[in-house]
2 protein chains.
Amino acid sequence: MSLKVYFDFLSPPSRALLMFLKANRIPFEPKEVKLAKGEHFNKDYANIHPFQKVPAIIDDQFQLIESVAILRYLCRERNVPEHWYPKDVKGQAKVDEYLEWQHTNTRMCGMLFMLKWVYPSTTGKAPNAKEVAHWEKLMNEALDKMEYIWLKDKPYLTGDRISIADLLGVTELEQTRIVGYNPYSNRAALTAWLERIKGDTNPYFGEVHGKLHHFVDKYKGVPPARTDA
Amino acid sequence: MSLKVYFDFLSPPSRALLMFLKANRIPFEPKEVKLAKGEHFNKDYANIHPFQKVPAIIDDQFQLIESVAILRYLCRERNVPEHWYPKDVKGQAKVDEYLEWQHTNTRMCGMLFMLKWVYPSTTGKAPNAKEVAHWEKLMNEALDKMEYIWLKDKPYLTGDRISIADLLGVTELEQTRIVGYNPYSNRAALTAWLERIKGDTNPYFGEVHGKLHHFVDKYKGVPPARTDA
């Protein structure tokens with residue numbers, strides 16, 4: 001059965017999916033869709049993802065969008081260790097709880113990337129300072145909830161072992177580094193959690209973040225006039 | 001086993017959960033948390049929902065937040081017809097696809113309610129017109145996607161039968177009526193879908209929307225200076 005995976009390295013949920021596939025040695029055919037080059041707006045791609053975003057998969061003939069739905073599907077469809085997404089009804093519900101929460105919370109990390117990187121590098125205009133401050137405030141609140149509530153009494157976001165929730169969480173946070181932000185500063189629980197994830201997914205964390213980290217080092221948080229991504 | 005359900009009738013996901021429970025004759029102990037009276041900020045409620053929102057459940061001793069996680073959990077834990085959430089891996093993934101999509105799309109309906117109703121009725125200040133226009137634009141885009149993509153070639157959002165996706169979708173859309181908006185205007189597919197949902201869930205659609213519809217009739221889209229909800 002052939003699995004085609006459509007992704008971009010600068011999309012957090014794409015990286016979460018790639019880490020999951022690599023860590024579980026699931027064979028797939030990589031299909032990079034370069035967002036910076038507008039490849040997601042190609043007419044052909046609209047047949048794969050009606051909203052022209054990434055990631056998306058085609059598993060044999062079965063098409064699926066939405067990263068969380070894709071990760072859940074692969075946990076059920078492929079033979080992967082149960083810690084990624086428990087089969088037990090209550091354990092699964094606790095992972096679901098975070099997966100549903102994150103959409104309107106750590107997603108703020110992505111908003112900052114859009115506002116402070118994508119927008120200036122494509123239009124040449126500076127982002128609106130008031131708008132940036134608004135989203136930064138929401139992002140700080142989301143990170144505090146991760147630090148003080150989700151990681152309050154357990155080593156991973158949803159339990160004692162790494163799950164797909166941690167992959168989505170960590171890739172979202174790492175995205176903020178490109179705009180010169182450090183989501184781990186003064187957050188001891190998040191810092192220890194990051195090291196755990198890196199240890200559990202080594203060498204794939206570094207591998208899927210290669211392009212992002214290259215940009216972090218090269219641009220020091222200041223986007224180029226037009227991105228060369 | 002006792003199931004306690006914490007909800008407010010003016011919360012769309014609370015209404016989706018109530019419709020599901022009633023349509024499936026699942027016994028529960030209703031625990032109304034009046035948001036307009038700030039009951040979600042009570043110290044005791046923070047032990048039930050750490051982010052002080054609704055809905056939440058306690059099933060025997062098992063606590064769970066996030067409406068989508070709760071609905072999935074109940075579909076697995078209780079004996080309900082499979083159309084609500086298929087057991088088949090691919091069918092389930094197609095329902096998941098919508099459930100994940102809706103968070104950052106039809107949620108705009110809720111933002112308009114917050115901006116045009118909750119904010120003016122609690123502060124006495126008029127909402128920012130530019131901000132309202134921004135969220136209305138996003139909401140119209142989300143509704144168009146429901147009309148032209150999700151309902152393009154099927155009678156329900158995720159297949160041939162009603163699922164938990166439809167319950168979350170319909171309660172979110174109905175919320176906009178309180179601010180004088182008609183999400184069904186010039187949208188034939190959404191209009192026909194609404195009638196199907198009402199037929200399938202009768203009399204529970206009307207029952208859980210009683211308070212909202214009373215407000216729609218009473219205030220004609222203009223929020224009171226202080227809500228008496």
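Note that the structure is predicted; figures quoted are calculated from it, not measured. Letters A, B, ... are given to chains in the order of the sequence lines, protein chains preceding strands, and every chain is numbered from 1.
- For A:Phe51, the CZ atom sits in a packed shell: over 12 heavy atoms of surrounding residues, nucleotides or ligands are nearer than 6.0 Å.
- Residue-level contacts of residues 100-112 of chain A with chain B, in order of numbering, are A:Glu100, A:Trp101, A:His103, A:Thr104, A:Arg107; threshold 4.5 Å between heavy atoms.
- Between A:Glu77 and B:Lys90, some side-chain heavy-atom pair lies under the 4.5 Å cut-off.
- Sparse packing is recorded around NZ of B:Lys152, with 12 or fewer heavy atoms of other residues, nucleotides or ligands lying under 6.0 Å away.
- Comparing B:Lys94, B:Arg76, B:Glu97, B:Gln63 by how many heavy-atom pairs each has under 4.5 Å with chain A, the most go to B:Glu97.
- Crowding of A:Asn47 atom CG: a count of heavy atoms from other residues, nucleotides or ligands under 6.0 Å exceeding 12.
- For the pair B:Asp96 and A:Tyr73, the minimum side-chain heavy-atom distance is 4.5 Å or more.
- Between B:Leu64 and A:Ala93 the shortest heavy-atom distance is CD1-O, 3.6 Å.
- For a residue to count as touching a neighbouring chain, one of its non-hydrogen atoms must lie under 4.5 Å from one of that chain's; by this rule A:Ile65 touches chain B with backbone and side chain alike.
- Other residues, nucleotides and ligands contribute only 12 or fewer heavy atoms inside 6.0 Å of the CG atom of B:Asn79.
- Heavy-atom distances place the backbone of B:Leu99, and not its side chain, under 4.5 Å from chain A.
- For B:Tyr98, no part lies near chain A; criterion is any non-hydrogen pair under 4.5 Å.
- Heavy-atom contacts from other residues, nucleotides or ligands closer than 6.0 Å to CD of B:Glu29 number more than 12.
- Around the NZ atom of A:Lys137, the shell of radius 6.0 Å holds no more than 12 heavy atoms that belong to other residues, nucleotides or ligands.
- More than 12 heavy atoms of other residues, nucleotides or ligands shown are found within 6.0 angstrom of CG on B:Asp88.
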